[in-house]
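Data block below; observations after.
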Amino acid sequence: LYIYKYNPNSSSILTQIAAVDLNNGKSIAVVLSVNWSPDGKYLAVGGQISGTSTNDLIIYYFDPSAPFSNTLTEITSVNPGDGGNDIVYS
């Protein structure tokens, strides 16, 4: 999973600012849904992630205010059964 910064005023319009190997190289991850929290600090990723079960849900922390912070930090993960296909923060 890659996170890019969009800058329409730059010659390099998209700049990669973070990346994470969703399944630690175990198998192919299938991402079905992603959604940022309203404050932009958490990213929810749902799909067939770990290679061991389907519909995994992983929550990552990202600090957009930290300069040169190229890190997504996994906070928690669960297998909600059939709930990983449509992620909505409330």
Hey, could you give me the [atom1]/[atom2] distance between [X] and [Y], rounded to the nearest 0.5 Å?
X: Ile58; Y: Ile75; atom1: CD1; atom2: CD1; answer: 12.0 Å
X: Asn35; Y: Ile59; atom1: CG; atom2: CD1; answer: 9.5 Å
X: Leu43; Y: Thr73; atom1: CG; atom2: OG1; answer: 11.5 Å
X: Gln16; Y: Tyr4; atom1: CD; atom2: OH; answer: 4.5 Å

Testing the basics here: between Leu72 and Phe62, what is the closest heavy-atom pair and its distance to 0.1 Å?
CD2-CB, 3.7 Å

Check side chain to side chain contact (heavy atoms under 4.5 Å, CB included) between [X] and all other residues, then give those that pass, not counting sequence neighbours.
X: Ile13; value: Tyr6
X: Lys41; value: Asp39, Tyr61, Pro64
X: Thr15; value: Ser12

Trp36 vs Ile3 side-chain heavy atoms within contact, under 4.5 Å
yes

Path from Tyr2 to Leu14 over hydrophobic side-chain contacts below 4.5 Å
yes

